[in-house]
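Here the structure is a predicted model, which means the values were calculated and not measured. A, B, ... follow the sequence lines: proteins, then strands. Residue 1 opens every chain.
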Amino acid sequence: MSDAPENQTRGDSLFAAPPMGEQERMVEAILFASAEPVTVAELNDRMPHGCDAAEALVYLRKRYEGRGVHIVRVGDAWAIRTAADLGYLMQKETVETRKLSRAAIETLAIIAYHQPVTRAEIEEIRGVSVSRGTVDQLLEMEWIRFGRRRMTPGRPVTFVVTPAFLDHFGLENARDLPGLKELRAAGLLESRPMDGLPLGGAQDEDDDEVIEGQSELFED
Amino acid sequence: MSDAPENQTRGDSLFAAPPMGEQERMVEAILFASAEPVTVAELNDRMPHGCDAAEALVYLRKRYEGRGVHIVRVGDAWAIRTAADLGYLMQKETVETRKLSRAAIETLAIIAYHQPVTRAEIEEIRGVSVSRGTVDQLLEMEWIRFGRRRMTPGRPVTFVVTPAFLDHFGLENARDLPGLKELRAAGLLESRPMDGLPLGGAQDEDDDEVIEGQSELFED
Amino acid sequence: MADLFEEDKRNAVEERLAAEALIVDVDGFEGPLDVLLMLSRTQKVDLRKISVLHLAEQYLSFVEKAKTLRIELAADYLVMAAWLAFLKSRLLLPPDPEEEGPSGEELAAHLAFQLERLQAMRDAAAQLMARDQMGRDFFARGLPEDVTRVRKVTWSATLLDLMQAYARIRTKDEFRPFVLDRDNVFTMEQALERMRKMVGFAGTWTDLVSYLPQGWEKDPVRRRSATAATFAASLELAKEGKVEIRQSDTFAPIQLRRRERGHE
């Protein structure tokens, strides 16, 4: 250690400094309890006269090498921090399963049955406008993605379903989706009459949806 | 290390648990990161599958013996706290605790030593009625909480001390209260009701509780 | 000997100070039991060996002194005084075998127990407060790292949900006849009106198609609608006896002509 002369000069002072092991304990306790990083000057200030916080820090730092926490330098101050490789322990993952909203599932169904389909077409079919959040959510879930642009005025983007979508619903292909006839045969079209009122509307969370005229999209 | 057979059994599980040294680091990181005590269950929950936090704690505790910070037990949870002999270095961190009245301190001690204890019992011991403010203050500090109702006429509530109380006074356990054994041996933790004594505030309280034998909370 | 004397003297001083203190400072006491405990300390014996009789006398004189100093004592101090006077008489008089309830000795023993227990709790409280305390002697982590809660939401939807959603939309479509696009519909009323004007000129068999309105022949949707309306209108006219209709074969062109009244 090259600090021997240093110690000697300090040895001249009236009170002998505590042993280095003690000083290390002190630095450890102060760094632990402090709400913010502590500078060497402050450490020396708080420790008994004659202590050498900088040297104690060297030992303490070595002691924590490879441990779950490290002594790290933050600017010109020091702090105890979690070892970077254990950062994942500081996260608590809670998995929540939520039911997809009606607007989202309808939009998804339209994309699946009519892909590639533009937003305007989805809105025409649903009879209500599609909120940005709904499309974003489906994109984020990676159940839909952008398809080719439609070669019509405005070159609107289209949406198509993804392999992740097919995977989730156990489909090999979007064409495997049951057709209207099968839906009817399965009793899925036996819904009650609508009195001309849109079914969705009220429960949809995108409440600003505008009801629009129905088009002839199903004449394919 | 005597944990070899333990590790072997654990090796049978589908996923091999990380080596004990790693587990120790994990526990270290989690305890360092938390100001509150962390239960073994929560540790195991946050650590990878197959870890044994309880065992890792044994090693970690030993590692920090004599250091500036210690691994301490608080009820069924664990925490890192600075060594008490270094408290003088922490003037900056010292929190001014609200000065507790003599009544509050006595009431707290009675609850700690006699728990679960009803208000009438506290009053019988102190010979005066317990003011609402005193109980409220202790509840607010989270040093006491309501325990189970006593299965006696009127079903009075009882009070017990909390883990925060244990943490504050550096107690592993309510059984570690100073002098508890001696007090019990001397019969001073018993309730010995006797009619005709003009003591206790029970009569001026709404709950004219029947004082009965102390339950054996500390016998577990 | 000298020590004993010294101690007695000191005790006397302490006792006097204590007595003064309690009289001057009666509000500082937490009830009669607190006073009794304080007084019992002047007996300088183990609380287990305390003379309850003597204690009762001490207490009664305390109350007397308080009265002479016109210190208002709370009711429970007076209740205690009355009870201790009763206890004193019990302890002094031989036990009455007729008397029910606990004996004087039992009551005295219980009072002594209560004093001892209160003292024990005070000692325990003092020991507790003398312990190292968090935030004063030892400290928790000053810079805790929050556990970030990563909330992972998985959205659930089944194939059935998907199909039902689609079915719902399609059903909605089927039940919306009232908002049909009128531009592409040629109603029977329109056809009838048009044909009434035209049949007067149809002396010979003419194809029904030639009665379709202008601009409705090309677009299949419009054509279908116009054809159906015109056909329905011609049936209506036939019913009225205005026209005759014929079709030579299945799917052959439908022809019509004006019905001459005189032919009948």
Side-chain angles (χ1 to χ4, degrees), chain A residues 17-39 41-51 53 56-57 59-72 77-95, chain B residues 17-36 38-49 51 53 56-57 59-72 78-95 167 170:
Chain A
M20 192 40 73
E22 264 311 293
Q23 296 189 32
E24 207 191 306
R25 287 182 74 227
M26 292 174 191
V27 173
E28 188 177 37
I30 294 171
L31 292 188
F32 175 84
S34 178
E36 41 203 62
V38 189
T39 64
E42 199 184 335
L43 283 169
N44 277 328
D45 231 40
R46 286 169 70 170
M47 287 158 70
H49 190 74
C51 283
L57 263 166
Y59 291 118
L60 191 67
R61 225 181 159 184
K62 201 160 279 167
R63 191 185 285 275
Y64 275 95
E65 260 169 29
R67 305 293 318 156
V69 292
H70 295 154
I71 311 292
V72 297
W78 297 84
I80 302 180
R81 289 285 157 81
T82 310
D85 67 313
L86 297 178
Y88 70 94
L89 292 171
M90 304 302 137
Q91 296 184 347
K92 209 186 249 173
E93 201 170 83
T94 50
V95 180
Chain B
M20 193 39 74
E22 263 312 292
Q23 296 189 32
E24 207 193 305
R25 287 183 72 228
M26 293 173 190
V27 173
E28 189 176 34
I30 295 172
L31 292 190
F32 259 96
S34 174
E36 308 284 322
V38 185
T39 63
V40 173
E42 205 188 330
L43 284 168
N44 278 329
D45 223 43
R46 283 170 65 180
M47 288 159 69
H49 189 77
C51 283
L57 270 162
Y59 297 116
L60 193 68
R61 207 177 184 187
K62 204 163 277 166
R63 187 182 291 274
Y64 278 92
E65 263 168 27
R67 299 273 297 276
V69 294
H70 294 155
I71 313 291
V72 299
W78 297 80
I80 301 181
R81 300 287 178 249
T82 62
D85 67 309
L86 299 175
Y88 69 98
L89 294 170
M90 313 293 171
Q91 292 100 326
K92 204 180 156 191
E93 278 74 35
T94 303
V95 263
D167 197 14

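- Of the residues considered (His70(A), Met47(A), Met26(A)), Met26(A) shows the highest number of contacts with chain B, using heavy-atom pairs under 4.5 Å.
- In this structure, the portion of Asp85(B) lying under 4.5 Å from any heavy atom of chain A is its side chain and not its backbone.
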Run Glu24(B) and Arg67(A) through salt bridge (charged side-chain N to carboxylate O under 4.0 Å, His left out) and show every step you take.
CA-CA 9 Å; Glu24(B) 207 193 305; Arg67(A) 305 293 318 156; 3.2 Å; yes
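- Taking the six-membered ring where the residue is Trp, Phe32(B) and Tyr64(A) present perpendicular rings, their angle passing 60° and hence far from 30°.
- For the pair Arg25(A) and Val69(B), the minimum side-chain heavy-atom distance is 4.5 Å or more.
- Arg81(B) is linked by a salt bridge (Lys or Arg N to Asp or Glu O under 4.0 Å) to Asp167(B), counting only residues two or more places apart in sequence or in another chain.
- Here Leu86(A) is the residue among Ile80(A), Val27(A), Leu86(A) with the most heavy-atom pairs under 4.5 Å with chain B.
- In terms of the salt bridge (Lys or Arg N to Asp or Glu O under 4.0 Å) criterion, residue partners of Glu42(A) (sequence neighbours excluded) are, by chain and number, Arg46(A), Lys92(B).
- Interface check for chain A: of the options Ala35(B), Gly66(B), Pro48(B), Ala83(B), the most heavy-atom pairs under 4.5 Å are formed by Gly66(B).
- Pairing each heavy atom of Thr82(B) with each of Ala29(A), the nearest pair is CG2-O, 3.7 Å.
- Both the backbone and the side chain of Leu89(A) come within contact range of chain B, each with at least one heavy atom under 4.5 Å from a heavy atom of that chain.
- Only the side chain of Leu60(B) comes within less than 4.5 Å of a heavy atom of chain A; its backbone N, CA, C and O stay farther away.
- Both the backbone and the side chain of Ile30(A) come within contact range of chain B, with heavy atoms under 4.5 Å apart.
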